[in-house]
Amino acid sequence: MPVFRPLPSVPDHDALELEVLERWKREGTFDELRARNSGGPTFSFMDGPITANNPMAAHHCWGRTLKDVFQRYKAMRGFDQRYQNGFDCQGLWVEVGVERDLGLNSKKEIEEYGLAEFAERCKERVAQYGEVITEQSKRLGMWMDWDNDYYTFSDTNIEYIWRFLERVHDNGWLYVGHRSVEWCPRCGTSLSQHELINSYEELTHPSLYVRFPLRDREGESLVVWTTTPWTLPANVAAAVKPDAEYGLRASGDWVAVARYPEDEFVRRARGEELVGLEYEGPFDELPAQAGIVHRVIPWDDVTLEDGTGIVHIAPGAGAEDFELSKVHDLPVLAPIDEAGRFYGDYGEFEGRSTEEVEKPVVVELERRGRLVEHGSITHRYPVCWRCATPLVFRIADDWLISCDEIRDQMLAANATVEWTPAFYSKRMDDWLRNMGDWNISRRRYFGLPLPFYPCACGRLNVVGSLDELRERATAGLVQLQELHRPWIDEVTIRCDSCGEDVRRVPEVGDAWLDAGIVPFSTLGWENDEWVEGGHATGAARGLSGADLPDHAYWEKWFPADWVSEMREQIRLWFYSQSFMSVTLTGRSPYNAVLTYEKLLDETGREMHRSWGNSIDAAEALDSMGADVMRWMFCEQVPSQNLKFGYGPANEIKRRLLTLWNSVAFLVTYANIESFRPRYADLAGLDAELKPLDRWLVARTQQLLREAEQEYERYWTPGVVRAFDAFVDDLSNWYIRRSRRRFYSDDDAAFRTLWHAVAQASRAIAPVLPFLAEHLWQNLVADPCDDAPRSVFLAPWPEAGEVDEQLLAEVAAVRRVVELGRQARSTSGIKLRQPLRRLVVEGAPSAEGHAEEIAEELRVKEVTFGDAKSFVRFRVKPDLRKLGPKLGPELPKVRSALETFDFEQDDEGNFLVAGHTLSQDEVLIDKTGPAGAEWAHAQDDGVTVAVDTRLDPELELEGRVYDLIHRLNSMRKDAGLELTDRVRVTLPKSCAELERHREWIAREVLAVEIRFGDVHQPQLEQA
RNA sequence: GGGCGAUUAGCUCAGUUGGUUAGAGCGCCGCUCUGAUAAGGCGGAGGUCCGUGGUUCGAAUCCACGAUCGCCCA
């Protein structure tokens, strides 16, 4: 029975991960970890809710990996954590998903379907995808308290938002805005400013130049440019830039001179001279236009960058237009309804959409000779972020929260937050400085019911809790199954001013209210008594076992020590959370933030299902494996977009192979030699260690220290880099150098290598939980009875003293070896051929390691000190020392040294340009010719020279190495096991090698070597 | 128009206190090891570190201005 399970030549990540998941489940590892850490110091992480509306996409895995990495790290360090996952459950996302499923495509169709039924479908959808996301997250390795998720559509969550809104109202911040807003005609609702961002697409629209004939100026017209023909029927004014120059063409058209510098004008006028002129509107005969006087108004913001310098103004169909209407007292014509269709007083346009009227408008203008030019333009135009319908402007009443008073408080709160990467803090500030009032209302169905009950008496009743609703209700309580439409709409309450019955407004709330309240709703803010299962109320009933904790619990866990979400969340969740928290408590709800950019495909394009380049989470998890994905996410500098794909994944798989092979090496020989590991070795190795062993121990300590530092600053790229470098050193220095020691029962070597691999697994476990656990099981948990059953149940391996001197020595050795290889390679002599002598200068700290250097470079002797006889030497200033000392004199000294313009005194000091430099103030480089017998290489003060002369003895040894090489190749070709013994027959021509018979036999595991009548060496299994 | 980033090898990107000859991976060429083996190692070619100016003994790094790209706001 081997000590370790043999490793296959390459890891099967998928199988290995499923096995680890199964073991965690079987052994209750996560529960045990939580129990162990319970009562320890707290690490408060607040999970931003993931929308339970679709399976996970690759980009979700990025964020969820980061969340899991740091929760695992903190858990290994003994921190008590909550692990509560959150689902975002209501609002437009879910509605649109359900609409698609049901084939509904307008608000009318939803209403015909029935709001109660529609709400049930929404809840089913949330339940369904909540489950899918949970399974996918588990597969990714996420450890969360999966049975106690919070759902933002619970009555509890809703009530907490009501309390917030009540506070907002008490503060006097709540108001109804009558404004021009971006409107989605399909969804039938306005969008808030944070919903507009990132939702621009390249769209082609008509580009029209249209005449507005001036009254009292026969034959003269203003020419305006528009890309929205549908707004022309609502035109009431034309704006000019008062200080710009306008010109009248011979054709009678007025345009800005700056726009047409080449044109000839029969008359010129400043914009202000045109102000006040009246003109004929484009569609004056429409009933809606009755009695409207169209006139020219001044507007400083008229652009001379495009168009004609004269702007068509329709206050009912544009934001700036609407603002101007207030300044200039213009009539406001609102042409379209909630579905984006024209109202009845727009003649032939009635009932048509904004797109459908484009053509008739053009035809009509043309017929009347009003059209100067008709083309098209492709520009960036906002579309609905959910359904991609192009947005329009319309006048609407929305509920808004004023930002005036909170803005500075939020800025102050943000100043307390530690952002990673740091510059995101400034972006948050920028957003806060510029944020407009928060539009919280949506004219939809399955969302947060706004608890606003305006009364005819002028009183706005804002209900702050379910209890208050019950108390004030005058009807509808019996059927109130949950706080959603349609049920909530049936409840009427008594106005607390006049006592009349009042109804709720029909609007629902912005989904970011739902997400923003969770630092309060999930932690039991101002809740007197702990309520078991108290978060699974209303629509969340039966979905979760989450409790509603009491206020003491909130005190313990608020604010979050750390949150992590993608960059967009600056204007979304980071914003809404902070807004609500500052309102309620005056402080930031999180202390530290890790933010990351966007996930693109591996060529750098955005992923889109319709482009065929999208990779969803399930597919990626299946074909890459979770560890590989996690590595990719962790390696990525979070301020850069991540190029995600199979190409990069395969590269990572290959890189992980070095670790795998190192472990496989250990396992192979440990089994052959029946090595038995001791768990206590991980706390400190007390074996008789050789210098190289002590080096690996120091190197391992260094890894632990670096990893810890990087985890502490939430910088996964640093962790990955440190680990990668460690594995390279482990494999390409320690194992490479020590290989032979494992062919025999060298206890110190086995223990040292085992120690290093086990400790490294612990350090990387948060990033690669599966691989680390798999290795821990095989290397530690299974063979050591006293070891923790999981790498995550072992405590974090604290870094001890790092032997910096030893690390420096070996670094010097490796540099010498590197140079030695370079020197050898310039000579053209194979590494297999032994050489007589190597001389090293400038690497004093490598002096204790002459034997290693000799072995690596296959030379008989390594001497230190005198390479001068082989090379010329060059002296360079040590800038760190001499810079401060010499100041402006330095360049002179430097160039003198470069041109060998210096002398050396008896003490070895350098006399140059009037200065005396001691030896430790300069760096000495060797360079130059040394004759054909010596090959050399130098770098940064270190020089090596190797004697390339061969003598008969060296040549003979070279032949022995050749033979060994050849025989071992034959062994491999013959498919022999590592431990198989062989009999070798050599041709008589090899007789001279007789002297090295034992050496050869040892290297090829030969029980017999004889010389026979053969032409080629032959070999058979013994 | 304002804000925040980015610009480093053919490609993808590291490079947090300013320090000597700027790194990695991939790709390319050559060599090499062969008991990690459809791997590994070494070497080479390949860089005006976007540009200009400034601070400094010294700038990829700090400052100013400009260019290009990206993101956010207006």
Side-chain angles (χ1 to χ4, degrees), chain A residues 7 9-10 193-194 196-198 301 303 305 319-320 421-436 567-568 570-571 597-598 602-604 635-637 639-641 643 647-648 650-652 654-655 657-666 668-669 672 713 715 717-718 720-721 724-725 728 731-733 735-736 739-740 742-743 817-818 820-826 828 830-832 856 876-894 922-923 925 937-941 961 964-966 968-969 971-972 976-980 1003-1005:
Chain A
L7 265 56
S9 60
V10 290
Q193 60 167 350
H194 56 242
L196 282 172
I197 301 154
N198 255 358
D301 291 345
T303 178
E305 298 290 310
E320 292 162 320
F423 70 86
Y424 284 119
S425 174
K426 290 185 266 184
R427 298 194 68 142
M428 182 73 176
D429 278 348
D430 187 52
W431 167 261
L432 292 174
R433 275 192 297 267
N434 291 305
M435 68 178 172
R567 187 204 62 220
E568 294 90 76
I570 285 174
R571 63 192 153 78
E597 283 288 321
K598 221 172 182 171
E602 63 185 273
T603 66
E635 184 181 29
Q636 175 72 13
V637 173
S639 61
Q640 294 282 320
N641 290 336
K643 296 186 174 90
N650 286 331
E651 223 175 272
I652 290 166
R654 219 174 56 223
R655 280 166 61 196
L657 217 50
T658 308
L659 171 67
W660 185 261
N661 286 335
S662 300
V663 178
F665 176 85
L666 169 66
T668 303
Y669 291 102
I672 291 172
R713 68 181 187 116
W715 199 248
V720 168
R721 199 161 43 237
D724 227 13
D728 186 64
S731 167
N732 291 323
W733 190 250
I735 293 182
R736 175 193 162 74
R739 218 179 255 163
R740 293 170 171 276
F742 293 89
Y743 304 162
V817 168
E818 214 170 281
R821 286 209 192 95
Q822 265 181 50
R824 286 199 61 133
S825 81
T826 62
K830 283 185 178 184
L831 199 50
R832 218 179 284 151
E856 274 295 305
K876 294 196 301 184
D878 186 335
L879 295 180
R880 284 196 164 167
K881 290 175 182 152
L882 292 177
K885 177 175 162 185
L886 300 179
E889 283 287 291
L890 184 59
K892 222 179 3 178
V893 170
R894 199 175 182 180
V922 297
L923 301 164
D925 258 3
Q938 61 84 28
D939 178 60
D940 209 2
Y961 279 113
I964 292 170
H965 173 200
R966 185 148 176 210
N968 275 331
S969 300
R971 283 183 60 109
K972 193 185 142 209
L976 298 182
E977 293 293 316
L978 296 183
T979 49
D980 289 339
E1003 291 296 324
V1004 303
L1005 293 185

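Reminder, nothing fancy here: chain letters follow the sequence lines and each chain counts from 1. Just so we're clear, the structure is a prediction, and the values are computed from it rather than from any experiment.
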A.B. asks: Rounding to an integer number of angstrom, what distance separates B:G41 and B:G3 when you compare their C1' atoms?
C.D. replies: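 These two C1' atoms come out 49 Å apart once rounded.
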A.B. asks: Determine the sole option in A:Gln640, A:Arg567, A:Glu568 for which the side-chain contact (heavy atoms from CB on, under 4.5 Å) test with A:Glu597 is passed.
C.D. replies: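 Single side-chain contact (heavy atoms from CB on, under 4.5 Å) partner of A:Glu597 among A:Gln640, A:Arg567, A:Glu568: A:Arg567.
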A.B. asks: Give the ring-plane orientation class for A:Phe742 versus A:Phe665, where under 30° counts as parallel, over 60° as perpendicular and anything between as tilted.
C.D. replies: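 A:Phe742 vs A:Phe665 ring planes: perpendicular.
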A.B. asks: Give a yes/no answer on whether the side chain of A:Asn434 brings an N or O atom under 4.0 Å of OP1 or OP2 in B:A74.
C.D. replies: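 Negative; the distance criterion is not met.
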A.B. asks: Any base atoms under 4.0 Å from A:Arg654, or only sugar-phosphate, or nothing? Heavy atoms, all strands.
C.D. replies: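 Here A:Arg654 touches the backbone only, sparing every base.
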A.B. asks: Just N and O in the side chain of A:Lys426: are any of them under 4.0 Å from OP1 or OP2 of B:G5?
C.D. replies: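 Yes, because at least one side-chain N or O of A:Lys426 sits under 4.0 Å from OP1 or OP2 of B:G5.
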A.B. asks: As a test of reading the structure: which of B:G35, B:C72, B:G5 is closest to the side chain of A:Arg571, going by heavy atoms?
C.D. replies: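 The answer is B:C72.
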A.B. asks: What distance, rounded to whole Å, do you find between the two P atoms, one in B:C71 and one in B:G18?
C.D. replies: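 These two P atoms come out 32 Å apart once rounded.
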A.B. asks: State which of B:C72, B:U37, B:C4 makes the closest approach to the side chain of A:Asn661.
C.D. replies: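 Of all the options, the side chain of A:Asn661 is nearest to B:U37.
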A.B. asks: Touch check for A:Thr658, heavy atoms < 4.0 angstrom, all strands: base, sugar-phosphate only, or nothing?
C.D. replies: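 Base: the residue A:Thr658, judged by heavy atoms under 4.0 Å, touches a nucleobase.
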A.B. asks: B:C4, B:C13, B:U16: which one has an atom nearest the side-chain heavy atoms of A:Lys643?
C.D. replies: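 Of B:C4, B:C13, B:U16, B:C13 is nearest to the side chain of A:Lys643.
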A.B. asks: Side chains of A:Leu432 and A:Met435: closer than 4.5 Å at any heavy-atom pair?
C.D. replies: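 Side-chain contact under 4.5 Å: yes.
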A.B. asks: Please check: side-chain N/O of A:Gln636 versus main-chain N/O of A:Asn641, any donor-acceptor pairing under 3.5 Å?
C.D. replies: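 Judged by distance alone, yes, a pair lies under 3.5 Å.
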A.B. asks: Select one nucleotide: of B:G5, B:A14, B:C72, the one nearest the side-chain heavy atoms of A:Arg721.
C.D. replies: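 Nearest to the side chain of A:Arg721 among the choices is B:A14.
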A.B. asks: Once hydrogens and angles are ignored, does a donor-acceptor distance under 3.5 Å link the base of B:C71 to the side chain of A:Arg567?
C.D. replies: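 In this structure, the two groups form no donor-acceptor pair.
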A.B. asks: At under 4.0 Å, does any side-chain N or O of A:Lys598 touch on OP1 or OP2 of B:G70?
C.D. replies: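 No, no such contact exists.
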A.B. asks: Heavy atoms from C-beta onward define the side chain here; which of B:C26, B:G35, B:G41 lies closest to that of A:Asn732?
C.D. replies: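 Per side-chain heavy atoms of A:Asn732, the pick is B:G41.
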A.B. asks: Taking the side chain of A:Gln640 as its heavy atoms from C-beta onward, which of B:A14, B:G40, B:U37 lies nearest to it?
C.D. replies: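 Within the option list, the nearest is B:A14.
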A.B. asks: Could you tell me the separation between the OH atom of A:Tyr424 and the C1' atom of B:C71, rounded to a whole number of Å?
C.D. replies: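 About 9 Å, once rounded to whole Å.
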A.B. asks: Quick one: A:Arg740 CZ to B:G35 C1', roughly how many Å, whole number?
C.D. replies: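 Taking CZ of A:Arg740 and C1' of B:G35, I get 10 Å after rounding.
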A.B. asks: Is any side-chain heavy atom of A:Ile964 closer than 4.5 Å to a side-chain heavy atom of A:Val1004?
C.D. replies: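 When only atoms from C-beta onward are counted, A:Val1004 and A:Ile964 do touch, with a gap below 4.5 Å.
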A.B. asks: Quick one: label A:Glu602 by what it contacts on the DNA or RNA (base, sugar-phosphate, nothing), any heavy atom closer than 4.0 Å.
C.D. replies: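 Answer is nothing: A:Glu602 stays at 4.0 Å or more from every strand.
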A.B. asks: Using the P atom as the reference point in each nucleotide, state the distance between B:U12 and B:C50 in Å, no decimals.
C.D. replies: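 Looking at atom P only, B:U12 and B:C50 are 15 Å apart.
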A.B. asks: From the options B:G41, B:G35, B:C4, select the nucleotide whose nearest atom is closest to the side chain of A:Tyr669.
C.D. replies: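 Side chain of A:Tyr669 sits closest to B:G35.
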A.B. asks: Has the side chain of A:Glu602 got a donor or acceptor atom that lies under 3.5 Å from a matching backbone atom of A:Gly647?
C.D. replies: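 Flag set: sc A:Glu602 to bb A:Gly647 pair under 3.5 Å.
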A.B. asks: For B:U16 versus B:C11, give the span between their C1' atoms, rounded off to a whole number of Å.
C.D. replies: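 To the nearest whole Å, 27 Å.
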A.B. asks: With the side chain counted from C-beta on, respond yes when A:Asp728 and A:Trp733 share a heavy-atom pair under 4.5 Å apart, and no when they do not.
C.D. replies: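 Not touching, per the 4.5 Å side-chain cut-off.
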A.B. asks: Output the single nucleotide from B:G3, B:G25, B:A39 whose closest atom is nearest the side chain of A:Leu657.
C.D. replies: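 Nearest listed nucleotide: B:A39.
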A.B. asks: Look up atom CZ in A:Arg427 and atom CG in A:Asp430, then write down how far apart they are to the nearest 0.5 Å.
C.D. replies: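 Atom-to-atom, A:Arg427:CZ and A:Asp430:CG are 8.0 Å apart.
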A.B. asks: Between B:U12, B:A14, B:U16, which nucleotide gets closest to the side-chain atoms of A:Val637?
C.D. replies: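 Closest nucleotide among those given: B:A14.
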A.B. asks: I'd like the C1' distance from B:G35 over to B:G44, given in whole Å.
C.D. replies: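 That atom pair is separated by 30 Å.
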A.B. asks: Nearest to the side chain of A:Tyr743, heavy atoms from C-beta on, is which of B:G25, B:G3, B:G35?
C.D. replies: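 For A:Tyr743, the side-chain atoms sit closest to B:G35.
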A.B. asks: Pairs counted as Watson-Crick or G-U wobble with both distances under 3.5 Å: what dot-bracket string results for RNA chain B, using | for bases tied to another strand?
C.D. replies: (((((((..((((.....[...)))).(((((.......))))).....(((((..]....)))))))))))).
